Each structure stands twice: as structure tokens, then as C-alpha cells.
Number of protein chains: 2
Amino acid sequence: MESTAPQSPAGLRTTPSWLLNQTAAHATRLLSEGFAAHDLRGYHYRLLAALAEDGPASQADLGRRCGIDRSDVVAAINDLAGRGLVVRAPDPADRRRNVISLTAAGADEAHRMGDTIGRVQDELLAPLSTAERDQLTRLLTRLLQHHARR
Amino acid sequence: MESTAPQSPAGLRTTPSWLLNQTAAHATRLLSEGFAAHDLRGYHYRLLAALAEDGPASQADLGRRCGIDRSDVVAAINDLAGRGLVVRAPDPADRRRNVISLTAAGADEAHRMGDTIGRVQDELLAPLSTAERDQLTRLLTRLLQHHARR
DNA sequence: GCTCCAACGTTGGTGAATCCAACGTTTCGA
DNA sequence: TCGAAACGTTGGATTCACCAACGTTGGAGC
């Protein structure tokens, strides 16, 4: 009952959902530190990365790509636009939509952020070999695909 | 630029941290549904499970075991105590501490919750074979151990 | 053409999970 | 004995995730 041994193996800490959540929590913490260096948050990075990878898109499309709710996309895009990293322009072909595009500064920031994130991956996966990292990636990808139906 | 294909493969969605976070998000959602059936939340379950597995403990110890901040343990234990699932008693050997113990009702609830969580694991890992589930568990466990130094 | 429904952007709000600072009390080591 | 450390507690902050509602716009069916 003393505080000396926090590493007693038990059932809770062997459930996949516990492992996933705790590992994800560590990942989130590492990512947050990386984000802080750019004065951005997770939503900002996801949106910038999606724009850098797949090009301009409507807000609703961005939300679907990034797994972010439409209403949260609004606020995040407001931030990014306010900092000159993206531009919000009405879609002439569909007046319901806004077309969000990266500015040059936004593309730069996305690139720099990508470097930061890459270093975080290395730190996160430090104890795993290259083959193990691939294995983990494959397993998680399959889980994600299976649950992607929403 | 249309909304028909949300499954375009791209870099963001192949980073381990993205996969971990998204998978964890699905796990959290599935768990939340399970918790809701018991009218509990994640913190409650973690504390009950830790008590059921390792026996009574001080609040600070529980926090370390479960990865929950001391101040959040207070509120969660308040809830659990208010519902008669745990008892909070001063530690006669150390008057700074409270000893938290499961009641009979709390042990029952922990057991039932364990069943629910077990079903959630199955749903979460549905696409994986037994060997793959073990593999995932091992990889995540190693990651967690590596980052456990705080 | 007109009607109805769907999609869009937006506002506002809710909740869970995480974390931090500070405080008074109690314990323990130097 | 004295100061540092641990404990429980209060209060607050942030991030992520989700939902309901509204007015506007587009499209499909009649």
C-alpha cells in the first residue's frame, strides 16, 4: 500500500483500450509540446496538414478529412486566417461553400510543422525497431479502417 | 474537391501519432457508450478497476496508479463515495492520507463494468486476429513503459 | 416552375479529460 | 528542531469532441 511501486502489473493496464488511451495521451502530450513551439494546437495542425496534402477544400470537406466537427472547423479556420496562414474565399461555383487555401506563409508553417511532428514520431516510437513501427502502423490502420464507418 | 471520397490516402493519416490518436478516439467513444450504461465516466471506471485489482489505497496512490491528477481524484472519489461504491476513511497510520476502499456495491459495479469493458475490447479489436491483438498489446505496452518515466 | 430536402457555414453551448497553482495540514529527514 | 516533502482540497484553464439550431443556398422530384 506504499507509493514505492507504481509498476505492479494488473488487469486494467493490460486492456487494449487502456493501452491505446494511455499511449495516445503520451503522444498528445508530446505533440502539444511540438505545437506550442509553433503557437498552434492540434486542430490547426490537422487542417494545415490536410490543406498541404490535398489542396484547397471547403470547410465541411476539411472537417471530414480531419475528423473535426464543422463548428470546430469554423473557429480553427478563423484563427488560421487571422494569422495569415490560410485564406477563406467564397466558392463561386457553390455559394454555400467557402474555399480554404493555404497562403505561402501557411505552406511554410505546414512544412515546418511537419518537421516538428516527424521528430515527435521518432521520440514517441523510440523503443521500437523500424519493422515494429511498420507493424504498429499497419495494425492501427486496420483498426481505423474498420471503425471508419460513421 | 468533392465530398464523395473521404478515403484518399495521405501523409497526415499515416503518421503514428495520428493513427494512435484517432484509434484512441474511437476507443474512447466505444468506452463512453459502455460507461453510460453504468452512469459512470472514465475516471470512475479507472479508479474502481484499480481498487478491485490492487486493493485499498490512498488518493495520491490511486492517482499515480491510474494516471489521474490528485485534484481530479478528489472529485471522482466524491462521486463514487456519494453513490456508495467506495468509502473514504482517514488513515490512522498517516493522518495526511485517506484510505479509499471498495464497498460490496463498488466491487459488484467494478465486476459488471469489467464485463462491459471486455465486450468493448472485442468490438474495438474486431478486425484483428488473436495473434495480432497480442502483438498490438505488446507494442503498446513497450511504448508505454518507455514513456512511463515522468 | 415550385416544393422539399440536403448541405453549408455559423453561433452557442455541453461535457470529458488533462493539467496547474495555491493553500493548510501532516510527516519525515537532515 | 526545522525545513522540505507529501497529502487532500479548492479553483481555475485548456483542449478536444459533440450537438442543436438558424438562415442561406443547391439540387432532385413532381
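Labels below follow one simple rule: chain letters A, B, ... track the order of the sequence lines, proteins then strands, and each chain is numbered from 1. The analysis underlying the following values was restricted to heavy atoms, covering all of them including side chains, and did not include hydrogens, waters or symmetry mates. All figures in this text were calculated on a predicted structure; none of them were measured in a lab.
Across residues 110-120 of chain B, not one residue has a non-hydrogen atom less than 4.0 Å from an atom of DNA chain C. For DNA chain C, no neighbouring residue in residues 76-85 of chain A is found when judged by any heavy atom under 4.0 Å.
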- Per-nucleotide protein contact along nucleotides 22-30 of chain C, 5' to 3', at a 4.0 Å heavy-atom cut-off (B base, S sugar-phosphate only, - neither), is B---BS---
- Task: Give the B/S/- string for nucleotides 12-18 of chain C, one per nucleotide from 5' to 3', where a protein heavy atom under 4.0 Å of the base yields B, of only the sugar-phosphate yields S, and otherwise -.
- Result: B---SSB
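Distance check, rounded to the nearest 0.5 Å: CG of Leu51(B) to CZ of Arg65(B) gives 6.5 Å. Note: Leu47(B) CG to Ile77(B) CD1 = 5.0 Å, rounded to the nearest 0.5 Å. Rounded to the nearest 0.5 Å, atoms CZ (Arg70(A)) and CG (Asp61(A)) are 12.0 Å apart. Here OG of Ser32(A) is found 13.0 Å from OH of Tyr45(A). Values are rounded to the nearest 0.5 Å. Within the model, atoms OG1 of Thr28(A) and CD of Glu33(A) stand 11.0 Å from one another, a figure rounded to the nearest 0.5 Å. A distance of 10.5 Å separates OG1 in Thr116(A) from CG in Leu31(A), rounded to the nearest 0.5 Å.
Straight-line distance from the CG atom of Leu30(B) to the P atom of dC18(D): 11 Å, rounded to whole Å. Following rounding to the nearest Å, Gln59(A) (CD) and dT24(D) (P) show an atom-to-atom distance of 18 Å. We find that CG of Leu47(A) is positioned 12 Å from P of dG9(C), with the value rounded to whole Å. Taking atom CG of residue Asp39(A) and atom P of nucleotide dT14(D), one finds them 13 Å apart after rounding to whole Å. Distance, Glu33(A) CD to dT15(D) C1': 15 Å, rounded to whole Å.
In this structure, the side chain of Thr103(B) engages the main chain of Leu85(B) through a donor-acceptor pair within 3.5 Å. No donor-acceptor pair under 3.5 Å is formed between the side chain of Gln121(B) and the backbone N or O of Thr15(A).
In this structure, Leu40(B) and Arg83(B) have side chains that are in contact, with non-hydrogen atoms separated by less than 4.5 Å. Between Arg41(A) and Asp79(A), the closest side-chain pair of non-hydrogen atoms falls below 4.5 Å. Two residues are said to be in side-chain contact when any heavy atoms from C-beta on lie closer than 4.5 Å; Thr141(A) and Leu144(A) fail this criterion. With contacts defined as side-chain heavy-atom distances shorter than 4.5 Å, the pair Ile100(B)/Leu62(B) qualifies.
Comment: Arg97(A) engages Asp94(A) in a salt bridge, judged by a side-chain N to carboxylate O separation of less than 4.0 angstrom. The existence of a salt bridge linking Asp115(A) and Arg112(A) is excluded, since no basic side-chain nitrogen approaches an acidic carboxylate oxygen closer than 4.0 Å.
Proximity of Arg64(B) to the phosphate of dC7(D): a side-chain N or O atom is located under 4.0 Å from OP1 or OP2.
Taking five base pairs at each end of the helix from dG1(C)-dC30(D) to dA30(C)-dT1(D), the local helix axes there meet at an angle of 30°, rounded to 10°.
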- Query: Does the pair Leu80(A) and Glu109(A) meet the rule for a side chain to side chain contact (heavy atoms under 4.5 Å, CB included), with working shown?
  - Reply: CA-CA 11 Å; Leu80(A) 294 175; Glu109(A) 187 70 14; over 6 Å; no
Can you give the donor-acceptor pairs under 3.5 Å from side chains of residues 126-134 of chain B to other protein atoms, not counting sequence neighbours?
unit_1: Ser129(B); atom_1: OG; unit_2: Glu132(B); atom_2: N; d: 3.2
unit_1: Ser129(B); atom_1: OG; unit_2: Glu132(B); atom_2: OE1; d: 3.3
unit_1: Glu132(B); atom_1: OE1; unit_2: Arg142(A); atom_2: NH1; d: 3.4
unit_1: Glu132(B); atom_1: OE1; unit_2: Arg142(A); atom_2: NH2; d: 3.3
unit_1: Glu132(B); atom_1: OE1; unit_2: Ser129(B); atom_2: N; d: 2.8
unit_1: Glu132(B); atom_1: OE2; unit_2: Arg142(A); atom_2: NH1; d: 2.7
unit_1: Arg133(B); atom_1: NE; unit_2: Leu125(B); atom_2: O; d: 3.3
unit_1: Arg133(B); atom_1: NE; unit_2: Leu128(B); atom_2: O; d: 3.1
unit_1: Arg133(B); atom_1: NH1; unit_2: Asp122(B); atom_2: OD1; d: 3.2
unit_1: Arg133(B); atom_1: NH2; unit_2: Leu125(B); atom_2: O; d: 3.1

